[in-house]
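What follows is a short report on a single structure.
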Amino acid sequence: MLNRISTYLYLRPKLVLALLLLPPLIWFLVVYIGSLITLLINSFFSLDSFTGQIVREFTLKTYAKLFDPSNMMIFARTTVMAALVTFTCALLAFPLSYYMARFASPRMKTLLYMAVTLPLWSSYVVRVYSWKLILAQEGIISWLANLLHIDGLLNWYLSLPVVGGPSLSISYTGVFLVFVYIWLPYMVIPIQTALERVPKSLIEASSDLGAQPSQTFRSVILPLAFPGVIAGSIFTFSLTLGDFIVPQLFGNSAYTIGRAVLSFQGTSNNIPLAAAFTMGPILIMIVYLLIARKLGAFDAL
Amino acid sequence: MSESAILFKNVSRHFGEVKAVDDVTLEIRDGEFFSMLGPSGSGKTTCLRMIAGFERPSAGQIFLYGQDVSNLPPYERSVNTVFQDYALFPHMTIEENIAYGLMIKGVSKEDRIKQVGEMLELVRLPGYGGRKPSQLSGGQRQRVALARALINHPKVLLLDEPLGALDLKLRQQMQVELKNIQREVGITFIFVTHDQEEALTMSDRIAVFNEGNVEQIGTPADIYEHPQSSFVAGFVGVSNLLSGEVAKRITGVEDKFSIRPEKIHFAKADGRAGADSYQASGNIRDVIYLGLYTRYLVELDGGGDLVVVEQNLKSTSMDVMQAKGQPVQLFWKKEHISRLGG
């Protein structure tokens with residue numbers, strides 16, 4: 001019986017292909033594309049502010065609301081935060097990835113790989129809350145600052161506008177630090193993979209042709225690792241854009257995109273505005289990818 | 001006596017316990033096409049990489065036109081390498097690849113474009129400058145790698161099995177082309193290969209490597225006709241090795257000898273060898289017809305085997321098959337036998 005099924009399928013490769021692709025295709029169409037389309041449709045509806053009912057008629061009113069100064073501030077704030085987090089993650093991840101890909105012994109590489117990915121094994125919420133302990137007013141950092149007699153410096157920093165706050169655990173600095181911490185693995189792994197794929201002979205060829213190590217790095221290694229940096233930055237950038245837990249726990253009352261969406265659809269039941277808001281990060285990501293392409297990120301693919 | 005391009009003085013390279021190169025001394029002359037021939041792991045590539053500067057000798061010194069370069073980094077030596085996998089930069093166009101060395105040196109853009117044009121002409125790829133390496137075939141990439149190295153006018157060009165990835169026809173064509181380019185530019189070429197035919201075709205001189213040592217250095221004819229060790233006799237071409245009792249019976253001396261199969265001739269059953277020849281008798285045990293020539297396996301009367309090849313100048317496959325099982329007399333000139341010693 002089994003034999004006959006095998007033979008039947010062997011002779012019909014197209015059927016096999018269809019059977020293999022059907023589940024992921026259904027998943028992709030219904031869950032991904034379907035929900036995106038639902039979002040898109042909802043974003044063209046509006047909320048009747050008097051009755052609190054959703055008016056299911058096509059309108060651009062909801063999109064117009066996005067251009068309110070307070071909403072524009074939310075976009076700007078989140079995008080700047082995402083850009084800073086991405087840039088810092090790339091800066092931290094590159095040397096580590098470079099060491100892992102080029103110099104580390106196989107044993108050391110496994111160890112570092114574990115160290116980088118180990119945090120992903122535990123719950124996101126647990127990790128985020130543990131930072132509460134580190135950053136809180138009586139937390140590890142202020143304890144350390146007291147110990148080193150630099151608590152004056154810490155207090156001065158917290159008194160600064162924008163980056164400061166009542167404590168590190170309620171400030172943009174806190175949000176930034178936690179974001180960098182939780183998204184760093186998503187930057188290390190793609191860069192490391194990209195660097196690993198640069199053949200050693202290319203680096204030898206460059207130095208053979210007269211390039212000093214710094215020139216080789218600029219002309220050969222960096223351009224070839226760039227797609228990895230872009231792949232990592234897509235993770236860190238979009239994850240930061242959409243996250244609502246970290247800003248909620250560590251931020252002040254100022255909204256980010258994630259928090260705004262959560263509050264619009266949860267608290268105020270303004271699903272159209274929440275939907276329109278989520279179109280924001282999608283648009284920002286598209287612009288980001290276009291810029292990356294212009295910079296030649298995908299040339300070496 | 002011409003100046004030496006490369007001089008190895010008692011050079012060793014050890015990787016832990018492994019002696020990749022062990023106390024090698026050799027001289028490569030200015031302007032010659034020099035091949036390093038040997039099986040994989042024989043140390044030939046490590047020698048090449050030490051000339052390029054990718055490896056440093058554990059002991060000994062390497063001189064490039066009289067200058068001790070043993071501890072210079074690759075970017076401070078005027079040698080260039082054509083890599084086995086070509087190592088073209090995938091994110092650059094062919095033009096940018098070839099101009100890379102000039103760009104590093106700070107040559108102006110107009111000059112670069114002009115010289116790249118000349119190089120593309122030399123390797124017969126004009127008009128390909130704008131393409132990416134991925135759009136080229138293996139043979140074309142090979143030429144680009146060659147152009148990228150030659151544009152820097154190195155004192156010595158190193159080629160690390162550059163033809164290994166090409167199919168037979170293209171390889172033979174590139175062998176001729178490489179030799180022509182070398183004549184044209186007049187640079188010393190050092191060519192690493194495990195293919196003895198390739199080495200014999202192209203080289204002015206060959207060094208045969210085995211287990212980290214140089215077994216023999218000489219012209220292709222020298223290496224082929226007068227191998228000095230059983231390794232060289234076996235690795236370069238096909239050889240019959242005679243030793244012990246069999247050697248003593250034929251030559252009168254108990255030592256190791258090698259004789260090439262094509263140097264042995266069949267004689268008529270009652271034929272007598274002259275004073276300048278050795279003689280042996282036996283039976284043809286096997287006949288292998290190979291088109292251009294036929295290979296016979298002869299079992300000698302007093303024990304031992306000899307392989308004999310003969311060109312099929314007049315005989316057809318039917319003729320040669322008749323020979324199986326026939327008794328034969330074999331003879332060969334004394335000067336064609338090599339005493340290996342050791």
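Computed from heavy atoms alone, side chains included, the values below leave out hydrogens, waters and symmetry copies. What you are looking at is a predicted structure, and each value in this text was computed from that prediction instead of being measured.
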Task: B:Asn80, part contacting chain A, at a heavy-atom distance under 4.5 Å - done: both
Open item on the list: Is it the case that over 12 heavy atoms from other parts of the model lie below 6.0 angstrom from the CZ atom of B:Arg56?
Closed with: no
Task: Heavy-atom closest contact (B:Phe54 atom, A:Glu204 atom, distance) - done: CE2-O, 3.5 Å
Task: Minimum heavy-atom distance A:Ala205-B:Arg148, with the two atoms named - done: CB-NH2, 3.6 Å
TODO: Tell me, yes or no, whether the heavy-atom count around B:Lys9 atom NZ, taken from other residues, nucleotides or ligands under 6.0 Å, exceeds 12.
DONE: no
Task: Heavy-atom pair with the smallest gap, counting every atom of B:Leu88 and A:Leu202 - done: O-CD2, 3.3 Å
TODO: Could you grab the distance from atom OG of A:Ser219 to atom NE2 of B:His91, nearest 0.5 Å is fine?
DONE: 7.0 Å
Open item on the list: Nearest 0.5 angstrom please: A:Leu224 CG to B:Met92 CE, how far?
Closed with: 8.0 Å
Task: Contact listing (chain A partner; residues 97-112 of chain B; heavy atom under 4.5 Å) - done: B:Tyr100, B:Gly101, B:Met103, B:Ile104
Task: B:Glu211 atom CD, neighbour heavy-atom count above 12 within 6.0 Å - done: no
- [ ] Check whether any side-chain heavy atom of A:Ser206 lies under 4.5 Å from a side-chain heavy atom of B:Tyr75, and answer yes or no.
- [x] no
Open item on the list: Looking at A:Tyr124, I'd like to know if its OH atom is crowded, meaning that more than 12 non-hydrogen atoms belonging to other residues, nucleotides or ligands lie closer than 6.0 Å.
Closed with: yes
Open item on the list: Other residues, nucleotides and ligands only: do more than 12 of their heavy atoms fall within 6.0 Å of CZ on B:Phe15?
Closed with: yes
